[in-house]
Amino acid sequence: MATGVNRKISAASARAHTRRAKKSNSSQLPSGILGTALAVLFIGFLAWAYKVIQPPPPKICGTPDGPPITAPRIKLRDGRHLAYKEHGVSKDAAMYKIIYVHGFDNCRHDAVLAEALSPGIVEEMGIYILSFDRPGYGESDPDPKRTLKSIALDIEELADQLVLGSKFYVVGFSMGGQIVWNCLKYIPHRLAGVGLVAPVVNYWWPGLPANLTTEAYGQQNIQDQWAVRVAHYVPWLTYWWNTQQWFPGSSVIAGSPHIFSREDKEILAKMPNRKSYRAQIRQQGEYESIHRDLNIGFGNWEYSPLHLENPFPNSEASVHIWQGDDDIMVPVTLQQYIAQKLPWIIYHELPGSGHLFPLADGMSDIIIKNLLHAK
């Protein structure tokens, strides 16, 4: 028969055992509290982070809490409005009708070619120029559904509502030049001629050689490299990236002087003061104007300008690119490659010129004469 083993346990060892047991049990409570606290903190951090990266809603012109409407506007078929400004002779008397597309962080008042064009040439040639606020800028309603195609269709509808005729010219400066590529893609049948003036190049356009884009990209300031990288890869972070105070965002948005060439700085010193309308440019919100511009301009395009075929095979119109070889913002090497791949484009390279060359004395006259007289 099996016999049990009797163990004698002293009172001291019993008390020690009891203490160890109690200590083990009590250690489970803080562990549960710590886990819950960490979970709450993590959720709170996510909520805070989500709130921080979300841009505030736009202040739509004409709404109770929005800026006033001071410009003439058209109403588009989707209900949005485009504000515009007319320059030159009346459109009824005009021989040439041009729609000017403004650049990044500009508005309808920054119609570079219209403002700098000689009055004598305007009258002699009968030139009418229409500038407008691109969606989200100035007094044009934001377009949260904006695409590459939609802005081209906006331009077409603007021309139709203002009765510019079956064909018209388009000229775009800087980021506005990207918009003109969209016109060549989506509404070439409406174009009488095209001018791309220092048009911004998207480093991720298919067809651009990797070694060329890498070299050009590396020539930009580090903060600008990151700004366009964020716009391309994580566009939902663009607003936060360029508004946070921890490190510098886009130097173009900040207007840093190092983005300008020597000639640019000389031109800037002579430029008229923009204080009268500067505040209007972003008045509906930075996201719907400059940040959405970055996201679309440097996003994934559904086509590449390098793959476009000549929209005017019978020379019924001409396409021009104007580029300064000392442009710090738009690398000349990329523009040269595009012009080489698209031989139907008339390429003009200006030695010693920077990004603001259209404002140089007499330059607007040269650009417009070439555009209107070229066959």
Side-chain angles (χ1 to χ4, degrees), residues 58 60-63 66-103 106-115 117 122 125-173 175-195 277 280-281 283-284 288-289 292-293 296 311 317 368 371-372:
I60 309 297
C61 286
T63 59
I69 298 171
T70 64
R73 307 198 304 175
I74 65 162
K75 187 174 183 179
L76 300 169
R77 60 173 62 92
D78 65 0
R80 290 181 296 112
H81 296 84
L82 285 185
Y84 63 90
K85 183 177 181 180
E86 297 174 291
H87 315 258
V89 303
S90 70
K91 63 174 178 281
D92 294 331
M95 293 291 293
Y96 301 99
K97 297 169 185 176
I98 303 170
I99 295 181
Y100 177 82
V101 189
H102 69 74
N106 286 181
C107 69
R108 68 188 183 280
H109 297 300
D110 294 302
V112 175
L113 298 184
E115 298 295 338
L117 197 59
V122 172
M125 299 184 68
I127 298 172
Y128 165 89
I129 299 180
L130 177 69
S131 60
F132 69 102
D133 291 331
R134 295 199 276 114
Y137 282 104
E139 296 182 29
S140 287
D141 294 338
D143 183 5
K145 298 179 180 179
R146 180 182 150 189
T147 63
L148 302 174
K149 186 176 183 178
S150 69
I151 183 63
L153 298 181
D154 284 354
I155 290 173
E156 182 178 35
E157 191 171 354
L158 176 67
D160 288 341
Q161 289 206 32
L162 294 183
V163 196
L164 298 192
S166 61
K167 289 184 179 291
F168 48 86
Y169 294 83
V170 290
V171 177
F173 171 57
M175 194 68 89
Q178 284 196 342
I179 307 302
V180 171
W181 282 119
N182 300 331
C183 292
L184 280 167
K185 169 67 175 177
Y186 295 111
I187 58 168
H189 57 288
R190 301 299 307 272
L191 306 180
V194 174
Y277 64 86
Q280 292 184 23
I281 295 174
Q283 66 182 352
Q284 296 187 88
E288 290 297 342
S289 53
R292 192 177 291 279
D293 233 7
I296 294 178
I368 292 299
L371 175 64
L372 301 183

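Sequence positions, counted from 1, serve as the residue numbers for this chain. Since the model is a prediction, treat every value here as computed from it, not as a measurement.
- In this structure, OH on Tyr169 lies 9.5 Å from CD1 on Ile127, to the nearest 0.5 angstrom.
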- Query: Does the salt bridge (Lys or Arg N to Asp or Glu O under 4.0 Å) test come out yes or no for Arg80 and Asp154, once each step is laid out?
  - Reply: CA-CA 10 Å; Arg80 290 181 296 112; Asp154 284 354; 2.9 Å; yes
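- To the nearest 0.5 Å, atoms SG (Cys61) and CD1 (Ile69) are separated by 6.5 Å.
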- Could you walk me through whether Arg108 and Gln280 pass side-chain contact (heavy atoms from CB on, under 4.5 Å), step by step? CA-CA 10 Å; Arg108 68 188 183 280; Gln280 292 184 23; 3.6 Å; yes
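- Using a 4.5 Å heavy-atom threshold, the side chains of Ile155 and Phe132 count as touching.
- Put simply, the side chain of Gln284 gets close to the backbone of Ser140: a donor and an acceptor are under 3.5 Å apart.
- Across every non-hydrogen atom of Pro142 and Ile60, the tightest pair is CD-CD1, 3.4 Å.
- Not a single donor-acceptor pair under 3.5 Å links the side chain of Glu288 to the backbone N or O of Pro58.
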- Query: Arg134 and Val101: side-chain contact (heavy atoms from CB on, under 4.5 Å), yes or no, with the steps?
  - Reply: CA-CA 8 Å; Arg134 295 199 276 114; Val101 189; 3.7 Å; yes
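- Below 30°, between 30° and 60°, or above 60°: for His102 and Tyr137 the angle between ring planes is above 60°, a perpendicular geometry.
- In this structure, CG on Leu76 lies 8.0 Å from CG on Leu158, to the nearest 0.5 angstrom.
- Closest heavy-atom contact between Tyr84 and Ala71: O-CB, 4.3 Å.
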- Query: Would Arg146 and Asp293 count as a side-chain contact (heavy atoms from CB on, under 4.5 Å) if you check the C-alpha gap in whole Å, the side-chain angles of each, and the deciding distance to 0.1 Å?
  - Reply: CA-CA 10 Å; Arg146 180 182 150 189; Asp293 233 7; 3.2 Å; yes
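- Here the closest heavy-atom approach between residue Gln283 and residue Gly138 is recorded as NE2-O, 3.0 Å.
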- Message: Go through it in stages, so that I can follow the logic: the residues are Asp141 and Arg73, the test is salt bridge (Lys or Arg N to Asp or Glu O under 4.0 Å), and I'd like the CA-CA distance, side-chain angles, deciding distance and then a yes or no.
- Response: CA-CA 10 Å; Asp141 294 338; Arg73 307 198 304 175; 3.5 Å; yes
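- The residues Asp110 and Lys85 are annotated as not salt-bridged, no charged nitrogen and carboxylate oxygen being separated by less than 4.0 angstrom.
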- Task: Carefully, step by step, assess Cys183 and Val194 under the rule side-chain contact (heavy atoms from CB on, under 4.5 Å).
- Result: CA-CA 9 Å; Cys183 292; Val194 174; over 6 Å; no
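- The side chain to side chain contact (heavy atoms under 4.5 Å, CB included) test with Ser150 singles out one residue from Asp78, Asn182, Asp143, and that residue is Asp143.
- Using modelled atom types, one side-chain atom of Glu139 and one backbone atom of Thr70 make a donor-acceptor pair closer than 3.5 Å.
- At least one side-chain heavy atom of Ile151 sits less than 4.5 Å from a side-chain heavy atom of Pro135.
- Leu162 contributes atom CG, which lies 5.5 Å from atom NZ of Lys91 (distance to the nearest 0.5 angstrom).
- With values rounded to the nearest 0.5 angstrom, Lys97 atom NZ is found 11.0 Å from Phe168 atom CZ.
- Of all the heavy atoms in Ala159 and Ile99, the pair that sits closest is CB-CD1, 3.9 Å.
- Put simply, the side chain of Asp92 does not reach to within 4.5 Å of the side chain of Tyr128, judged on heavy atoms.
- The salt bridge (charged side-chain N to carboxylate O under 4.0 Å, His left out) test with Asp160 singles out one residue from Arg77, Arg190, Lys167, and that residue is Arg190.
- Applying the side chain to side chain contact (heavy atoms under 4.5 Å, CB included) test between Ile98 and each of Leu117, Ile368, Leu164, Val170 identifies Ile368 as the sole match.
- Under 3.5 Å, the side chains of Ser131 and His87 contain a donor-acceptor pair of N or O atoms.
- Here the closest heavy-atom approach between residue Leu113 and residue Val171 is recorded as CD1-CG1, 3.3 Å.
- Scanning all heavy atoms of the two residues, the minimum distance from Ile187 to Glu156 falls at CG2-OE1, 3.7 Å.
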